[in-house]
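Structure record follows, encoded as structure tokens.
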Amino acid sequence: MVNFNTSQTQNRVAPTFASSMGTTNLFEELPAALDSTSEPPSVFDGTTRLYISYMCPYAQRVWIARNCKGLQEKIKLVPIDLTNRPDWYKEKVYPPNKVPALEHNNEVIGESLDLIKYLDTNFEGPALLPNDPAKREFLKIFHFNLHFGILMNLEITEFKSKLTELNKIPGYAQTKRDPAELVASLKKRILGLTHNVASEFCSILDKLDFLL
């Protein structure tokens, strides 16, 4: 269920990304994650679905894009439990068996940055990406450097103020999870690594709870 509480906005030809994100307060009842015991949805029945994991940052950024474009009623969320994922997801939905993935027009496509561009191009709502190809390429590099920098334990305290502002944006705030839950999930997923590598990653994750 999606409840809309939209403030009145002035007519404008090309709303900016920042201003458009703050115009609508959306409260969505999130469905439970589907696991190996769950029945599959009716795939390719005309419903547009965004397959995500509540614990995946790559899925989160597509989820944020969906919210910021106001597509909650047009694109249904289908969360997948990655620790106990259903066989039908790989067999019937998305053979690469990863999230995020978007089911639209009898096709399923993946890769988070490609999906953000796809949503921006094929669905109505505020423009999220610049038209200039060079600026689009810069955004891809920026996203890569941000994730890589965090994992390499570089100085990240300057992002704190930006994250405080992000928390004020409904389209982002709805996608946040409990930091302790997310850190615990990530630690569990890296236990299969060698002891030294796993210990290093866990040490980094302990320092990142303010980012989550």
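These values consider heavy atoms only, across backbone and side chains, with no hydrogens, waters or symmetry-generated copies.
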> What distance do S53 atom OG and Y58 atom OH have between them, rounded to the nearest 0.5 Å?
Replying inline: 13.0 Å
> Under the side chain to side chain contact (heavy atoms under 4.5 Å, CB included) criterion, do L34 and Y89 qualify, and how do the steps go?
Replying inline: CA-CA 10 Å; L34 303 181; Y89 182 66; over 6 Å; no
> Minimum heavy-atom separation for Y54 to A33, with atom names?
Replying inline: CE1-N, 4.4 Å
> What are the two closest non-hydrogen atoms of C68 and L128, and how far apart are they?
Replying inline: CB-CD2, 4.2 Å
> From E124 CD over to K69 NZ, what is the distance, rounded to the nearest 0.5 angstrom?
Replying inline: 8.5 Å
> Between V108 and R49, is a side chain to side chain contact (heavy atoms under 4.5 Å, CB included) present by the stated rule, with each step listed?
Replying inline: CA-CA 9 Å; V108 178; R49 298 180 175 90; over 6 Å; no
>> Check the orientation of Y118 and H104. Use parallel for under 30°, tilted for 30 to 60°, and perpendicular for over 60°.
In response: perpendicular
>> If I take atom CG from residue L119 and atom CG from residue L50, how far apart are they, to the nearest 0.5 angstrom?
In response: 7.0 Å
> With a 4.5 Å heavy-atom cut-off, do R85 and L82 have their side chains touching?
Replying inline: yes
> How far apart are the closest heavy atoms of S42 and E103, and which atoms are they?
Replying inline: O-OE2, 4.5 Å
> Looking only at heavy atoms, which two atoms of W63 and E28 are closest? And how far apart?
Replying inline: NE1-OE1, 4.5 Å
> Less than 4.5 Å apart, any side-chain heavy atom of R61 and any of L113?
Replying inline: yes
>> Between Y172 and Q60, does the side chain to side chain contact (heavy atoms under 4.5 Å, CB included) criterion hold? Intermediate values first, please.
In response: CA-CA 9 Å; Y172 167 78; Q60 182 190 26; 3.9 Å; yes
> Is the shortest heavy-atom distance from the side chain of L30 to the side chain of P79 under 4.5 Å?
Replying inline: no
>> Could you measure the distance from the OG1 atom of T48 to the CG atom of N122? Nearest 0.5 Å is fine.
In response: 10.5 Å
> How close do N67 and G171 get, heavy atom to heavy atom, and via which atoms?
Replying inline: ND2-O, 3.1 Å
> Taking it one step at a time, do Y94 and Y51 satisfy ring-ring contact (aromatic ring centres under 6.0 Å, His included)?
Replying inline: CA-CA 9 Å; Y94 192 50; Y51 296 87; 8.7 Å; no
> Under the side chain to side chain contact (heavy atoms under 4.5 Å, CB included) criterion, do K98 and E111 qualify, and how do the steps go?
Replying inline: CA-CA 9 Å; K98 301 187 297 183; E111 300 301 330; 3.3 Å; yes
> Can you tell me how far the CG atom of D81 sits from the CE atom of M55, to the nearest 0.5 Å?
Replying inline: 9.0 Å
>> As an exercise, state the distance from CD1 of I116 to CG of L102, rounded to the nearest 0.5 Å.
In response: 12.0 Å
> How about V62 and V99: do any of their side-chain heavy atoms sit closer than 4.5 Å?
Replying inline: no
>> On a heavy-atom basis, which atom in D120 and which in P126 lie closest, and how many Å separate them?
In response: OD1-O, 3.7 Å
> Within the side chain of N105, is there an N or O that forms a donor-acceptor pair under 3.5 Å with the backbone of E107?
Replying inline: no
